[in-house]
Asks: 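Pasting a structure here, questions to come.
None of these values were measured; they are calculated from a predicted model.
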Amino acid sequence: TFLRDAIFQLTALKVIRLNFYKCDQITDEALKHLKESIKTLSDLEYIIIDLHSCEKTTQKGIENFRENLSCAIFIDWG
């Protein structure tokens, strides 16, 4: 919830870089919640996410994350 709360206070962000390298807590469901928070950032141009070695994240979860976001999304899924 920290990230979600912080995002609501930083609506003018242009770029977000998130490093979840080898984080076993990041799941498809977590990406869904992250996406809902990110959608509130109307000025966001780029999202860079490192999901390398996140074993609970699937290709389908990443595809769902990418849907309907208007910014450029770069994901290292390894």
Asks: In the structure I gave you, are the side-chain heavy atoms of Ile62 and Leu51 within less than 4.5 Å of one another anywhere?
Replies: yes
Asks: Under the side chain to side chain donor-acceptor pair (under 3.5 Å) rule, collect the residues that match up with Thr27, sequence neighbours excluded.
Replies: none
Asks: Could you check whether any side-chain N or O of Asp28 sits under 3.5 Å from a backbone N or O of Thr58, counting only pairs where one atom can act as donor and the other as acceptor?
Replies: yes
Asks: So which heavy atom on Cys54 is nearest to which on Cys23, and how close?
Replies: SG-O, 3.7 Å
Asks: Take atom CD in Glu45; do more than 12 heavy atoms of anything else shown fall under 6.0 Å from it?
Replies: yes
Asks: Looking at side-chain heavy atoms only, is the closest gap between Leu44 and Ile38 below 4.5 Å?
Replies: yes
Asks: Table please: side-chain donor-acceptor pairs of residues 65-78 below 3.5 Å, with sequence neighbours left out.
Replies:
unit_1	atom_1	unit_2	atom_2	d
Arg66	NH1	Ile73	O	3.3
Asp76	OD1	Gly78	N	3.1

Asks: For a 4.5 angstrom cut-off between non-hydrogen side-chain atoms, does Ile49 reach Phe20?
Replies: yes
Asks: Look only at the side chain of Thr57 and the backbone of Ile26, and say whether a donor-acceptor pair between them is shorter than 3.5 Å.
Replies: yes
Asks: Nearest 0.5 angstrom please: Leu13 CG to Ser42 OG, how far?
Replies: 10.5 Å
Asks: Suppose we screen for side chain to side chain donor-acceptor pair (under 3.5 Å). Which residues come up paired with Asn64, at least two apart in sequence or across chains?
Replies: none
Asks: Between NZ of Lys39 and CG of Leu41, what distance do you get to the nearest 0.5 Å?
Replies: 12.0 Å
